Structure formats: structure tokens, C-alpha cells
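Working notes, structure below.
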2 protein chains.
Amino acid sequence: MNKEKRERLEKAGFKLGSVQEFLQLTNEETAYVEVKLALAKTLSEQRKKSHFTQLSLAKKIHSSQSRVAKMEAGDPSVSLDLIVHALFAMGCTPRQLGSALAGA
Amino acid sequence: MNKEKRERLEKAGFKLGSVQEFLQLTNEETAYVEVKLALAKTLSEQRKKSHFTQLSLAKKIHSSQSRVAKMEAGDPSVSLDLIVHALFAMGCTPRQLGSALAGA
DNA sequence: TCAGAATATGTCAATTTTGACATTATGTCA
DNA sequence: TGACATAATGTCAAAATTGACATATTCTGA
């Protein structure tokens, strides 16, 4: 959108900048959540494939069963870092992470 | 390795479990760092491609120039979450993240 | 060579994430 | 059914991450 059109619209009362920003933020947030959920799902699958319980995985990465449950649920309180660490502990390769993300 | 062999080796003084654990932890850490650096590099490239300065990117994601510099350096004090958020702000798709990781 | 823009580095209070724990829910098998 | 393993949910103090700031360094034209 060019400057003139923006100025016309904003003069007409449209808070266009902030709407755009809002939409962009929600899109970013959507993408972030999708990535988190894709990794969470991969972790759950990989853990079961490796015949680990949430508790045994927790021990392996020096965490707790409840936190592993939250990882696999994609809970807002867990970081991507934690999920990624867990995935590597379950034997995933960076390439596998890449595949998981491609499907997000 | 089976239980008997492990017990023989441990009786002989090998702290096998912990050595294995140590090696595994360092491998996990290596993979994690590789992933972080791959994303950091992608962010730096994508930012330049989008003609943003570290400062303008910082504004866009409500962060600061210094933190963006640390993101692009893969500094230990920045989380994957922050880098991923920045990547999405620069217009990356989850699929692009996947490609970046595949090359890690 | 200089000035200004861009980037890097160090620090810190405030916010967020963490492991741990308690408890509840859901399977699962005899 | 009931005992037991596994998984889900809520809470919280401790630990890690964050934006902000100050400052230093590097880059880039003129």
C-alpha cells in the first residue's frame, strides 16, 4: 500500500497501521503455535516409539513427568527450547526436526 | 549393551552409565547449538534480505537492538522461541524453518 | 580521515520458564 | 471390580530469559 492511500484511509478513521500490526502479530503467533504443536506431537510419537514413559523421559532430561506432559500438550508454559532438548534426547536429528516443521 | 556386561564393566571400575550419559548430553547440546546457530544465521540473512536493520527489526517485535544482535550471534542468553518469533516477523514460513534445520 | 549508521558487548531488574510436588484422570490387566 | 501404571492439571519458589540501557566496536560514504 502506498503512502497516500494509507494517509487517506487513516484520515477517514481507519487505524490501519495497528490493524495490520494486529493481524501480523496474530499470524506470527499462529505460526509459532503451529510449530510448537508440530514439535510437541513429534515428541510424543518419538517417545512412544522409543518405549519411554513420560517419567523415564523426564529422568533422562533431568525434568519432571508433569513438565513432559505439558511439553507434549504444547502448553503455553513450555518453551521450544525445552521441547527441542527433549526431542534430541529421544534420538531425533536436526533433519527430523526440519521435517516435522515442514509439516506445520 | 546387556545387563551382565554392564555389571562386569562397572565392577571393573568403569563408570559406564555416566560416561554414556555425558557423551549423550554433549551430543544433545551440540545438536541444540547447531540448530540455534542455523536459525540465527537464517534470521540474519532474512533480515538483510528484507532490508531491516537490527533496530527496525527490534521495534517490529517489541524488543531491542542489543537483543537482536544476540539472537543473530546465537548467544546463550537467547531462547529458540525468541529467534523463531523474529523469523516469523521477517516473513519466514514454518517450511523455511524446516529447511534451515535440515541444513544444520 | 572523519561522522554517522549499524552492530556488538556487558549489565540488570522485571518477567517468564523451570523442576518439583500434589492431586486428579485415564488406561490396563487380572 | 480394584490395584497399579501412566498421563494430565494446578501451583509455586528458584532459575533462566527478557527488554532496556550504556557503551564499545565495526562499517560505510564522502
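Predicted model, so just to flag it, every value in this text is computed and none were measured. Per chain, numbering begins at 1; letters A, B, ... match sequence-line order.
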Exercise. When you look at B:Glu29 and A:His85, which way does the side-chain contact (heavy atoms from CB on, under 4.5 Å) test go after all the steps?
Worked result: CA-CA 8 Å; B:Glu29 198 53 27; A:His85 274 300; 3.4 Å; yes
Every protein N/O within reach of nucleotides 16-18 of chain D N/O, cut-off under 3.5 Å:
| residue | atom | partner | partner atom | Å |
| --- | --- | --- | --- | --- |
| D:dT18 | OP1 | B:Ser79 | OG | 2.5 |
| D:dT18 | OP2 | B:Ser77 | O | 2.9 |
| D:dT18 | OP2 | B:Ser79 | N | 3.0 |

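For A:His51 and D:dA7, the NE2 to P distance is 13 Å, given to the nearest whole Å. At whole-Å resolution of the value, NZ in A:Lys59 and P in D:dA5 are 13 Å apart. As a whole-Å value, the separation of A:Lys48 NZ from D:dT6 P is 13 Å. Atom CD of A:Gln65 is separated from atom C1' of D:dA8 by 7 Å (rounded to the nearest Å).
Taking 4.0 Å as the cut-off between side-chain N and carboxylate O, A:Glu72 and A:Lys41 do not count as a salt-bridged pair.
Cluster annotation: A:Tyr32 and A:Ile83 are assigned to the same hydrophobic cluster (Ile/Leu/Val/Met/Phe/Trp/Tyr, side-chain heavy-atom contacts under 4.5 Å, transitive).
At a cut-off of 3.5 Å, with distance as the only test, a side-chain donor of A:Lys48 or A:Ser44 sits close to an acceptor on the other residue.
For D:dC21, the base has no donor-acceptor partner in the side chain of B:Ser64 [N/O atoms by modelled type, under 3.5 angstrom].
At distances below 3.5 Å, not a single donor-acceptor pair connects side-chain atoms of A:Asp81 with backbone N or O atoms of B:Ser79. In this structure a side-chain-to-backbone donor-acceptor pair under 3.5 Å is missing from B:Ser56 to B:Phe52.
A:Leu39 pairs in a side chain to side chain contact (heavy atoms under 4.5 Å, CB included) with only one of the listed residues (A:Leu37, A:Val35, A:Leu43), which is A:Val35.
Residues B:Phe88 and B:Leu97 form a side-chain contact, since some pair of their non-hydrogen atoms from C-beta on lies under 4.5 Å apart. Annotation: side chain of A:Lys60 is in contact with side chain of A:Met90 (closest heavy-atom distance under 4.5 Å). The shortest distance between side-chain heavy atoms of A:Met71 and A:Gln54 does not fall below 4.5 Å.
Where DNA chain C meets chain A (any atom under 4.0 Å from a heavy atom), the bounding nucleotides read 5' to 3' are C:dT17 to C:dC21.
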Exercise. Where along nucleotides 24-30 of chain D does protein come under 4.0 Å, by heavy atom, of base (B) or sugar-phosphate alone (S), with - for untouched nucleotides?
Worked result: -------
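How far CG of B:Leu57 is from CZ of B:Arg67: 13.0 Å, rounded to the nearest 0.5 Å.
Pair assignment for C:dA30: D:dT1, on the basis of Watson-Crick or G-U wobble contacts that are both within less than 3.5 Å.
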